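A short worksheet on the structure shown next.
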Amino acid sequence: MFEREQQAITQQIKAFCQKNQLPEVDFQWKWIPFSGHWGISTSFFQIAALEARQGKRINVNARAAELASQVAAYLGTPEGFEKVEAVNGYLNIYFLQSAYAEQVINAVLQAGENFGRGTVRNERVMVEFSQPNTHKAFHVGHLRSAILGDVISRLLDFAGFSVVRANYPGDIGLHVIKWLWCYMNFHRGEKPTSDITRWMGDIYAEANRRLEENPDLESEVRVLYARWDRREPEVVALWEETRQWSLNGFEEIYRQLDIHFDVYYFNSQVEHPGKEIVNELIAKGIAVDERPEGPVVVKLDELLGLKTEKYRVMVVLRSDNTALYATEDLALAKKKFSDYPDLSRSYYVVDVRQSLHFQQVFKTLELAGYEWATRCQHIPYELVILPGNVVMASREGTVVLLEDLIREATARALAVVREKNPDLSEEVKQKIAQAVGIGAIKYPMLARENTKVVTFDWQSALDFNGQAAPYIQYAYVRAGSILRKANRPLPEEAKVTEPLTPQEVELINLISRLPAEVQRSANEHRPLWIATYAYELAKAFNDFYTQCPVLQAEEAVRNFRLRLTAATRQAIANSLTLLGITAPQAM
RNA sequence: GCCCCUGUAGCUCAAUGGACAGAGCACCGGACUUCUAAUCCGUUGGUUGUGAGUUCGAGUCUCACCAGGGGCGCCA
């Protein structure tokens with residue numbers, strides 16, 4: 001929030017360096033790392049090291065300390081700052097607490113839900129995420145792409161980008177045909193009532209079981225696949241109807257998770273366009289047609305003249321002319337840019353195992369002359385697995401269904417709400433339980449590095465204590481509770497009359513950092529940083545809550561703390577919104 | 001064989017190349033007549049896998065090795 005002040009000081013220090021003929025460096029500003037202190041710091045080790053390299057016989061640490069002291073003396077106390085001190089080669093500049101405290105609180109309350117929002121950039125980006133397979137269950141393993149993609153979209157939007165959220169369901173393929181085969185033979189006429197995705201998943205599992213028990217039946221599946229390929233009306237109609245059941249089930253899940261999409265691309269949509277691109281690649285001499293003995297391949301390393309293996313060889317069409325994922329991804333990438341020609345980035349939130357695949361697809365498109373290919377980017381994430389390094393797979397039956405997890409998490413939350421807030425209406429209790437349960441599920445997927453495996457186990461998934469979403473939500477509720485009990489409109493303004501407590505300083509410091517954290521998280525596609533930030537903010541508020549009475553304080557202090565409480569509540573709310581977690585009114 | 005990711009407290013994880021490597025869980029001991037205890041306070045816990053290198057400064061960058069996971073021509 002204080003870029004202008006920071007720049008002014010940087011200019012002064014640079015002037016000092018010039019006057020004293022010191023080497024030029026870029027000054028990096030950091031938050032003073034000691035909690036309870038609010039300000040920025042930089043160091044002079046780099047200048048001292050450069051001097052040493054120029055042949056001066058100096059001790060770098062001592063020289064840095066000397067420079068820091070000199071600069072501190074030179075700066076005096078700049079306008080708007082409380083004090084400047086030199087410590088061990090560092091220059092610490094403390095904000096003038098009262099003035100900036102009021103400024104921060106005013107800014108937050110004025111901006112409201114837009115506090116932290118970056119200035120609008122004239123840039124559109126697409127985020128593709130949550131590629132669920134129709135005719136299969138939706139399990140916890142599918143959750144990470146959905147949650148990560150959603151939050152990355154929220155971050156990019158809040159950072160100032162115009163975001164197109166895309167879903168790419170796998171609505172055709174062998175798994176769908178197997179499902180249709182099982183349905184036509186053993187469940188014809190049945191329709192799902194509730195728990196659609198579970199019902200769909202059960203039939204898929206049954207299909208696999210039957211085919212395993214009696215492999216002779218696979219010929220029937222092949223026959224059915226051929227009928228689909230010929231687009232026999234009966235098969236197509238059934239496919240369309242059953243596919244819609246799955247999509248309805250997904251919609252219900254997305255609704256519960258508060259995730260939405262702007263555009264749907266379907267696997268089935270890009271099958272034929274993909275084959276056209278393959279023909280084009282062959283014509284351009286990029287793809288090599290080895291049919292019928294072999295598939296159509298793109299020998300990337302060879303085309304690029306690479307001596308060491310990097311992109312290897314990508315198969316773009318099977319020898320029997322059927323499409324693969326690669327075939328379809330070529331067409332999908334193209335379709336995205338034809339639908340939205342102004343995309344400055346096209347992101348793919350897909351698990352890390354497909355890293356090579358996407359490198360191959362993007363490089364192939366680049367070689368084919370599509371200039372937008374370099375704007376495609378894969379955002380990889382690690383899998384959610386079960387203890388014992390077991391990957392979730394519908395076919396193996398090693399899955400935790402999302403419905404079960406949501407049900408269990410909300411049931412636990414509901415039990416606590418009933419105990420703590422018996423007077424609330426049942427409807428409100430349900431809403432709170434939903435917010436807490438879903439939040440608890442989402443947070444652990446966000447509060448870690450994308451590239452780290454999440455091991456799912458019931459115990460930690462249902463642990464609502466400590467660094468978890470309910471902790472943050474509870475801080476929000478507590479803030480709201482104070483404001484409600486104040487029983488008066490929020491004071492229009494409030495001066496700082498007493499010296500601020502360390503808890504207040506830390507809280508204001510954290511609030512002021514939200515805009516920078518948003519930019520940082522969005523630029524790096526790392527929800528982790530906002531997730532950690534939200535927790536630290538909540539923790540700082542809980543500290544404040546226990547140490548600094550609000551309603552009992554004398555009037556001037558009370559007014560200031562009421563505004564600080566309101567500002568904190570807003571900052572927590574905005575952070576939770578970014579994390580896709582609902583902020584409940586009571587808990 | 002080649003490539004990618006991971007390795008930090010008993011466990012799960014943080015840490016813009018910078019100040020004493022921090023949280024949560026678990027363990028132990030405290031705090032509800034108070035603005036909601038889904039909270040707070042305190043104690044315990046570390047040669048950051050190993051070895052070199054770069055740097056004024058390395059958990060962070062480079063290299064080698066060790067361990068685990070993943071990917072590598074017709075799976076998705």
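Quantities reported herein were computed from a predicted structural model and do not represent experimental measurements.
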For the side chain of A:N465, starting at C-beta, report the closest nucleotide among B:A19, B:C56, B:C25. B:C25
Measuring from the side chain of A:R318 (C-beta onward, heavy atoms only), which nucleotide among B:G71, B:A76, B:C25 has the closest atom? B:A76
Looking at [N], which nucleotide sits across from it as a Watson-Crick or G-U wobble partner, both distances under 3.5 angstrom, or is there none?
{"N": "B:U50", "result": "B:A64"}
{"N": "B:C13", "result": "B:G22"}
{"N": "B:U44", "result": "none"}
{"N": "B:C2", "result": "B:G71"}

Looking only at N and O atoms, is any donor in the side chain of [X] or the base of [N] less than 3.5 Å from an acceptor on the other one?
{"X": "A:R312", "N": "B:C2", "answer": "yes"}
{"X": "A:N92", "N": "B:A19", "answer": "yes"}
{"X": "A:S481", "N": "B:C35", "answer": "no"}
{"X": "A:T532", "N": "B:A15", "answer": "no"}

Whole-Å distance separating the [atom1] atom of [X] from the [atom2] atom of [N]:
{"X": "A:K307", "N": "B:C2", "atom1": "NZ", "atom2": "C1'", "result": "17 Å"}
{"X": "A:K539", "N": "B:A14", "atom1": "NZ", "atom2": "P", "result": "18 Å"}
{"X": "A:N542", "N": "B:C35", "atom1": "CG", "atom2": "C1'", "result": "12 Å"}
{"X": "A:I482", "N": "B:U39", "atom1": "CD1", "atom2": "P", "result": "16 Å"}
{"X": "A:M314", "N": "B:C72", "atom1": "CE", "atom2": "C1'", "result": "14 Å"}

Determine, using ring centers only, whether [Y] and [X] are less than 6.0 Å apart.
{"X": "A:F266", "Y": "A:Y168", "value": "no"}
{"X": "A:Y348", "Y": "A:F362", "value": "yes"}
{"X": "A:F27", "Y": "A:F44", "value": "yes"}

Taking syn as within 90° of 0 and anti otherwise, name the glycosidic form of B:C27. anti
What's the base orientation of B:G53: syn (chi within 90° of 0) or anti? anti
Is the phosphate of B:A76, meaning OP1 or OP2, less than 4.0 Å from a side-chain N or O of A:R353? no
Tell me whether the side-chain N/O atoms of A:W529 come closer than 4.0 Å to OP1 or OP2 in B:A15. yes
Say we look at B:G59 and B:A14: how far apart would their C1' atoms be, to the nearest angstrom? 11 Å
Rounded distance in Å between the C1' positions of B:U44 and B:C11: 15 Å
May I have the step-by-step check of side chain to side chain donor-acceptor pair (under 3.5 Å) for A:E66 and A:S69, ending in yes or no? CA-CA 5 Å; A:E66 186 189 359; A:S69 298; over 6 Å; no
Name the orientation class of the two ring planes belonging to A:Y204 and A:H175 (parallel below 30°, tilted from 30 to 60°, perpendicular beyond 60°). perpendicular
RNA chain B: A:N267 or A:Y545, which has the more 5' nearest nucleotide? A:Y545
